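See below for the structure under consideration.
Positions are given from 1 along the sequence. Just so you know, ligand 1 is whichever comes first in the structure, and atom 1 is the first atom listed for that ligand. No experiment lies behind these values; they were computed from the predicted model shown.
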Amino acid sequence: MDFTLNDEQRLIRQTAREFTDNEIVERARDNDRDERFDVELVGKIADQGYLGAIVPREYGGAGLDYLTYGLVVEEIGRGDSAMRTVISVQTSLVCAAILRWGTEEQKQRYLPNLCTGEWLGCFGLTEPDTGSDAANQRTRARRTGAGWVINGAKMWISLGNHAKVALIFAQTDPEQAHRGLACFLVDTDQPGFQPQPIHHKMGLRASDTAAISLDDVEVAPDAMLGAVGDGFKVAMSALDSGRYSVAAGCVGICQGCVEASVDYAKEREQFGRPIASFQLVQGMLADMKVQTDAARMLVWRAGWLKDTGAPNTTETSIAKLYATEAAVHCANTAIQVHGGSGYVDDHPVERYFRDVRVTTLYEGTSQIQKLIIGRALTGINALVPT
Ligand code: COS
């Protein structure tokens, strides 16, 4: 593995860094305070090409490889996880699924609009009673003469109130378990599709999150992504991309914690000298730095594997597990370095701490990642009774 970035990758990373500092960082605190989903900023992110980063140019995307996509996501994640979530959902969960499973007609119809940000997309897998056990969908799809009718509910759906298209996972035949699942491309203007904003979240307050009810939502026969029975694989393959994106965003949080803490520790004086000169403070900075570098290496390895086309589900789970837990640790430690100043939102570490907490929960909890890794090690699926 050669991790030397080429000139183009360095330029793309530098551009993403400057864009983040100039456009995202300055709005992050106010958007967080106001729980504002900043549509104008999403438009600027789309103009940068980040919403279709990994989509080939022929469908309107930027045509980046995964490693380079990870560099962009890291930079945006350093600025604001709410905006990073927009990229992760749109690019990894929605575009990647359409790219992998869509017919040519579906790709032509959806991808250009998603890449330009004209349309946002959301990923409707989680339900009020279905989280880790993703195969156990309560949402039902019933075949009719004219197509399908969907009934059910989805929960914690990022971009759900603003999306124009929703990937909705539904069970067509409960007796088939995961082999009865199907994924539908649902137009959110369709009667019966009703999103409700979820407020008062601990973090990601500037991210749009919805509870969605689906009451007799009619979808056309050609609105299915893949075939009946492919739904679970559509979801899992999308999560292979989504987890990578979350992990890359968490490397950004780690990096942001290191930079903010080093700056603060060199400025802040106690006992007549900068706190950066104390060994215990340097110890905290060193711990953060080691975790940041280790997380980045794991993300780059997963990205490199994706780019070679090799299987990478386990390595993606390793990167997601490590990077998200490292980011939780770094955010907590960064507040320790900042002392009381880190307890208010004058410094980004307060927001990092709240925003990062969800990353060990969504797109598969840390426990689910451990089960995936444990299964790869032992060959035993711990979720199946022996
Ligand atoms: N890509 C494509 N297909 C995959 C896949 C992947 N990464 N992982 C599994 N599959 C396929 C398998 O090959 C299998 O196919 P067959 O039916 O042809 O044999 C099928 O999917 C079922 O796989 P498996 O037996 O591994 O399913 P499990 O029920 O054991 O999966 C886990 C368990 C934990 C892996 C899964 O339920 C999971 O990831 N849960 C967490 C869900 C999640 O992240 N929720 C958050 C929602 S997004 S915010």
Considering S317, A134, P311, G131, which one's heavy-atom position lies nearest to atom 45 (N) of ligand 1? G131
Using 4.0 Å as the upper bound for N to carboxylate O, is an ion pair formed by R138 and E127? no
Using a 4.0 Å cutoff against the non-hydrogen atoms of T126, which atoms of ligand 1 qualify? 47 (C)
Check against salt bridge (Lys or Arg N to Asp or Glu O under 4.0 Å), R78 and D21: CA-CA 9 Å; R78 181 179 56 81; D21 288 339; 3.2 Å; yes
Would you check if D216 and N151 make a side-chain contact, meaning some heavy-atom pair closer than 4.5 Å? yes
Set out, in order, the CA-CA distance, both residues' side-chain angles and the distance that settles side-chain hydrogen bond (donor to acceptor under 3.5 Å, both in side chains) for T313 and D240, then state yes or no. CA-CA 6 Å; T313 298; D240 278 345; 3.0 Å; yes
Would you say ligand 1 has an N or O under 3.5 Å from any N or O of F123? no
Salt bridge between D189 and K164, side-chain N to carboxylate O under 4.0 Å? yes
Please list the nearest protein heavy atom to atom 2 (C) of ligand 1 with its residue and the distance rounded to 0.1 Å. K233 O, 4.0 Å
Less than 4.0 Å is my threshold; does some heavy atom of A135 fall inside it relative to ligand 1? no
Any non-hydrogen side-chain atom of Q48 less than 4.5 Å from a side-chain atom of I76? no
Verify the neighbour count for atom CZ of F3: are there more than 12 heavy atoms of other residues, nucleotides or ligands below 6.0 Å? yes
If you count the atoms of ligand 1 from 1 in the order shown, which ones are under 4.0 Å from a heavy atom of L239? 43 (C), 44 (O), 48 (S)
Answer yes or no: is there a side-chain heavy-atom contact under 4.5 Å between W101 and S237? yes
Could you tell me the residue and atom name of the protein heavy atom closest to atom 30 (O) of ligand 1, and the distance to it rounded to 0.1 Å? N381 ND2, 3.0 Å
List the closest protein heavy-atom neighbour of atom 41 (C) of ligand 1: residue, atom name, distance to the nearest 0.1 Å. S132 O, 3.3 Å
Residue, atom name and distance, where the atom is the protein heavy atom closest to atom 7 (N) of ligand 1: D240 OD2, 2.9 Å
Within the 4.0 Å heavy-atom shell around H178, which atoms of ligand 1 are there? 16 (P), 17 (O), 20 (C), 22 (C)
May I ask you to check whether Y362 has an N/O atom sitting below 3.5 Å from an N/O atom of ligand 1? no
Pick from R243, Q369, E363, K320: the one approaching atom 39 (O) of ligand 1 most closely through a non-hydrogen atom: R243
If hydrophobic clusters are built by linking Ile, Leu, Val, Met, Phe, Trp and Tyr wherever their side-chain heavy atoms come under 4.5 Å apart, do F353 and V337 end up in the same one? no
Please identify which atoms of ligand 1 are closer than 4.0 Å to at least one heavy atom of L383. 33 (C), 34 (C)
R243 with E363: basic N within carboxylate O range, under 4.0 Å: no
For atom 29 (O) of ligand 1, the closest protein heavy atom turns out to be F232 CZ, 4.0 Å
Do K306 and D65 meet the salt-bridge criterion of a basic N to acidic O distance under 4.0 Å? no
Closest protein heavy atom (residue, atom, distance) for atom 46 (C) of ligand 1: G364 N, 3.6 Å
For R375, is at least one N or O under 3.5 Å away from an N or O on ligand 1? yes
Could you pull out, from R179, E127, M236, the option with a heavy atom nearest to atom 5 (C) of ligand 1? M236
